[in-house]
Amino acid sequence: KKVPSHRALAILRGRNEGFLSMNLVVGNVTDKLAPNPCEAMVAGFYGIENQGRKADKWLAEVVKWTWRVKLLTSLETELVGRVRESAEDDAISVFASNLKDLLMAAPAGHKATIGLDPGLRTGVKVAVLDSIGKALDHGVIYPNQPQNQVRESKAALKLLCAKYNVSLIAIGNGTGSRETDRMVAELMKENPVLGLQKIIVSEAGASIYSASELAAKEFPNLDVTIRGAISIARRLQDPLAELVKIEPKAIGVGQYQHDVSQPALARSLDAVVEDCVNAVGVDLNTASVPLLTKVSGLNSTIASNIVAYREENGAYLSRAQLKKVPRLGAKTFEQAAGFLKISNGKNPLDASSLHPESYSVVKLISEHAKRDVGSIMGDSAFLNAVNAKDYVSDEVGLLTVQDILSELEKPGRDPRPEFVTAEFKEGVESIKDLRDDMVLEGVATNVTAFGAFVDIGVHQDGLVHISMMSDKFIDDPREVVKAGDVVKVKVMEVDAARKRIALSMRMSDNAEDYQAEKATPRGERKPKGRAPQRMHSAPPVSENKGGGMAALFAQAQKKKSKRL
């Protein structure tokens, strides 16, 4: 009951693959001849004891078999099943939390972007996108080994940046990323007038998207590798809009994700994606079919019809046009309209999260103030002075009016944080470049129950254990860091052969003490000043719901204690 979820899943995986065996052991583990306390409980429950009678030895054997063959087997199956269920629930919760953090990551915004999918022998794939993610140009450059065409590559990128007024360069974090990053840094230094900004982006799942049926429909005439570069650029512009196209399980932010119930995991992740899309809202004139499909009330057919209507009739000018979309009825409009936004439309309210049903209240407020709707949007002083009770009616309650005023104060606000990036240290490009006590900046790529994995730009994520994330006790690593956060870490140990990097988020730690403590047997380690990291515990057996055999066993234990 005390084993952490990640450790339980690791043990169960080892058992299933034949590397480990696992048994429930009760009593004295070292002394095989010591009386088993559970056998004594069974004997006591039925009043069986050795009184020198002929049948006493046989009864004692029956008691032993009753425990070992019947009760122990059933209890072991039941309790291990309970541990598995609890561990799976925790693992699914961790995955869902990480996915939400990634989807709600800060977008770079509507800026022309170049996506670079790094490579060595095959070259760096280049894709140029406009401010709304439309592919404008593409190609391949060879700045890395063995071609080493650095000068030619910089010249090609400079030409593309000037031609399409590019302001962002997104570099995938795969093989050759740091070499490509160095080449782009030189380009920026040599051409400051371009005003470029470079960001290394996680390309997890990009290859899966680029080879998918969806990508083939979007870009039927482009090579798979170019589609990957487009995906890298788009996930910088708007992570939510691009990541919804990828199966959540392929993004790689889970904890033992292949060891849990796949249907339960899929249901949880789908719910997270839908919640995030609805929380942010969707731009009707730029949204793709996969993104629209995640909006409440819409399915793939209606989403396809929305895009088809846009392509045939031009950009949407008002939400009312949605009623002309085939198969989008009144009920669907009622459910989805508030999540679908239109920038620079006829009605300024269409750019907000207000539902068209609330427009009449806003119109009434503007008429009473003798001001147009656009002028009162964002006017905090005016809106705070409005008495919400004056606009309550049989159809609209007080809370609804208050929500309307709140939305008008910050119309179309994005719940996602501001865009920030990590600066990887120059000269640190592989695991061999790391040194003890080196302080680096990185991005948290995955947060689990036992710690956080951080990308520090060496093609191998390092692990910050939960015990090294804070000077105070924490139950959950997400109290300190979330997936996508920019963090500062210190190198504690590097195992290049096994590709393992130990990191700490406490700048007071030092590598020498860490390695000395690690080499000391656990029983001889000196306690530190900070609170120890406790293991997560579950309720006692008798308090857990379900499990008939466990309940009977607990009942027998209570009866035995009463007799004693």
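Values in this document were obtained by computation on a predicted structure and should not be read as measured data.
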**Asked** With a cut-off of 6.0 Å (strictly less than), are more than 12 heavy atoms of other residues, nucleotides or ligands near NZ of K158?
**Response** no
**Request:** Assess whether atom CG of D495 is packed by more than 12 heavy atoms of other residues, nucleotides or ligands within 6.0 Å.
**Result:** yes
**Carboxylate-amine/guanidinium proximity below 4.0 Å for D181 and K198** = yes
**Request:** Classify the ring geometry between H6 and F450 as parallel (under 30°), tilted (30 to 60°) or perpendicular (over 60°).
**Result:** tilted
**Prompt:** Of the non-hydrogen atoms in C276 and L240, which two are nearest, and what is the gap between them?
**Reply:** O-CD2, 3.9 Å
**Prompt:** Take atom CD in E426; do more than 12 heavy atoms of anything else shown fall under 6.0 Å from it?
**Reply:** no
**Complete:** Tested for side chain to side chain donor-acceptor pair (under 3.5 Å) against T445, the lone hit among N98, N173, D461 is D461
**Prompt:** Side-chain contact, heavy-atom cut-off 4.5 Å: Q197 with I169?
**Reply:** no
**Request:** Would you check if the side chain of Y209 reaches a backbone N or O of L214 as a donor-acceptor pair within less than 3.5 Å?
**Result:** no
**Asked** Are more than 12 heavy atoms from other residues, nucleotides or ligands located less than 6.0 Å from atom CZ of R15?
**Response** yes
**Message:** Treating N305 as the side-chain partner and V325 as the backbone partner, does any N or O pair qualify as donor plus acceptor under 3.5 Å?
**Reply:** no
**Request:** Answer yes or no: is there a donor N or O on one side and an acceptor on the other, between the side chain of D455 and the main chain of G457, under 3.5 Å?
**Result:** yes
**Request:** Answer yes or no: are there more than 12 heavy-atom neighbours, outside K482 itself, under 6.0 Å from its atom NZ?
**Result:** yes
**Asked** Do V458 and E429 come close enough that some side-chain heavy atom pair is under 4.5 Å?
**Response** no
**Request:** Can you measure from CZ (R319) to NZ (K341) and round to the nearest 0.5 angstrom?
**Result:** 8.0 Å
**Request:** Look up atom CG in D476 and atom CG in D90, then write down how far apart they are to the nearest 0.5 Å.
**Result:** 9.5 Å
**Message:** Can you tell whether the side chains of R478 and D101 come within less than 4.0 Å, N to carboxylate O?
**Reply:** yes
**Request:** State plainly whether the residues D130 and K111 are in salt-bridge range, i.e. N to O under 4.0 Å.
**Result:** no
